[in-house]
Amino acid sequence: MASTLERLLARAGVVGRPAILDGGFGQLLADEAPELDLSDGLWASGVAVRSPGMVRAIHRRFLEAGADIISTATYQASAQGYVAAGIAADEAAADNVMAAALEIAVDARNEHMSRTPVCSRPLIAASLGSIGATLSNLSEYTGDYGHGMTETNIRKFHLQRLLLLARCLQMPRLREQIDLVAIETIPSLMETSAVVSALHDLSQRRVELPPTWISFTASTDGCVGHGEPIEAVIGAAANSPSVCAVGFNCIP
């Protein structure tokens, strides 16, 4: 029997071959538009608000290069981050800000398909980074969040952001447009457990999201960024029926 991810990929025309993902969005922005102000810590998530046309063009470049899956420019996004950067007036207004960023990827896919008649419908993954990705101190690669950061704190962060995403995906213009949730650059067993707990909470509340993949950082052979064995974090992720795949990103 085909897995959830295999069924999604088959709908996107990916059968009998590896799926092609897009590339490093924030780094491409930094390389190609060095004049952009990325100092707010939101990287592509901020550019999606200030220069949506540029983000749409990059999504389309990845699609034209053959990407089967593109990721939204929401990796560093959070309600608190949008407010701190002055992009949203308050946390309630963050819903529309994130929805607009998600919609850029949808528009890019629609434009690509209108110009490429003989093609399957590429998948869109809503990209969400680890809590470290919102701290602007590179701790997403190590999991060294400080002694004051507990699993409870991390779980609350992921739950709030997943609820934000769920509200966005209920907006008419985004219904059935986002195919996957990509929770990326998870560096530790503690954060993996926090994510799984947040996903379980959503399930208990009957909050629906697309299938989720979790990807980890790695620093040494056989270990994730914080030092726990890869088998341990994969085992923790496998405890969630919401998780359809695991993988790795940002490996030095």
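Heads up: numbering here begins at 1 and tracks the sequence. Computed from a predicted model, the values in this text were never measured in an experiment.
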Would the distance check show the side chain of [X] and the main-chain N or O of [Y] forming a donor-acceptor pair, the cut-off being under 3.5 Å?
X	Y	answer
Thr72	Ser127	yes
Arg175	Gln170	yes
Asp22	Ser71	yes
Ser139	Thr142	no
Ser114	Glu111	yes
Ser3	Glu6	yes
Ser78	Gly81	yes
Arg161	Gly129	yes
Ser51	Val47	no
Asn96	Ala93	no

In Å, rounded to the nearest 0.5 Å, how long is the span from [atom1] of [X] to [atom2] of [Y]?
X	Y	atom1	atom2	answer
Ser193	Glu151	OG	CD	5.0 Å
Arg109	Thr116	CZ	OG1	13.5 Å
Ile124	Leu174	CD1	CG	9.0 Å
Tyr82	Thr134	OH	OG1	12.0 Å
Met113	Leu63	CE	CG	10.0 Å
Glu228	Thr192	CD	OG1	8.0 Å

Minimum heavy-atom distance between [X] and [Y], given as atom pair plus value:
X	Y	value
Ser120	Ala12	CB-O, 3.2 Å
Ser240	Val196	CB-CG1, 3.9 Å
Ser188	Val224	CA-CG2, 4.2 Å
Ala108	His59	CB-CB, 3.5 Å
Thr4	Cys244	CB-CB, 4.3 Å
Gly46	Ile87	CA-CD1, 4.0 Å

Do [X] and [Y] pair up side chain to side chain, a donor and an acceptor below 3.5 Å, judged on atom types alone?
X	Y	answer
Asn249	Ser215	yes
Tyr145	Glu191	yes
Arg155	Ser197	yes
Gln160	Gln80	yes

Trace of the side chain to side chain contact (heavy atoms under 4.5 Å, CB included) decision for Leu164 with Asp95: CA-CA 6 Å; Leu164 167 61; Asp95 289 21; 3.0 Å; yes
Heavy-atom distance under 4.5 Å between the side chains of [X] and [Y], does that happen here?
X	Y	answer
Asp179	Pro210	no
Leu180	Leu5	yes
Glu140	Tyr75	yes
Ile131	Met149	yes
Tyr141	Cys250	yes
Trp213	Val181	no
Ser242	Pro211	no
Glu208	Leu202	no

Verdict with supporting geometry, Asp201 and Leu162, side chain to side chain contact (heavy atoms under 4.5 Å, CB included): CA-CA 10 Å; Asp201 195 318; Leu162 288 166; over 6 Å; no
Honestly curious: do [X] and [Y] fall in one hydrophobic cluster under the side-chain, below-4.5 Å linking rule?
X	Y	result
Val97	Leu163	yes
Leu8	Leu209	no
Ile104	Leu128	yes
Ile178	Leu123	no
Leu165	Ile154	no

Arg167 atom CZ: more than 12 heavy-atom contacts under 6.0 Å: yes
Ile230/Phe216 under side chain to side chain contact (heavy atoms under 4.5 Å, CB included): CA gap, chis, key distance, verdict: CA-CA 9 Å; Ile230 287 172; Phe216 307 98; over 6 Å; no
Side chain to side chain contact (heavy atoms under 4.5 Å, CB included) assessment of Phe62 paired with Ile20: CA-CA 10 Å; Phe62 284 129; Ile20 301 172; over 6 Å; no
Electrostatic pair Asp68:Arg17 at N-O distance under 4.0 angstrom: yes
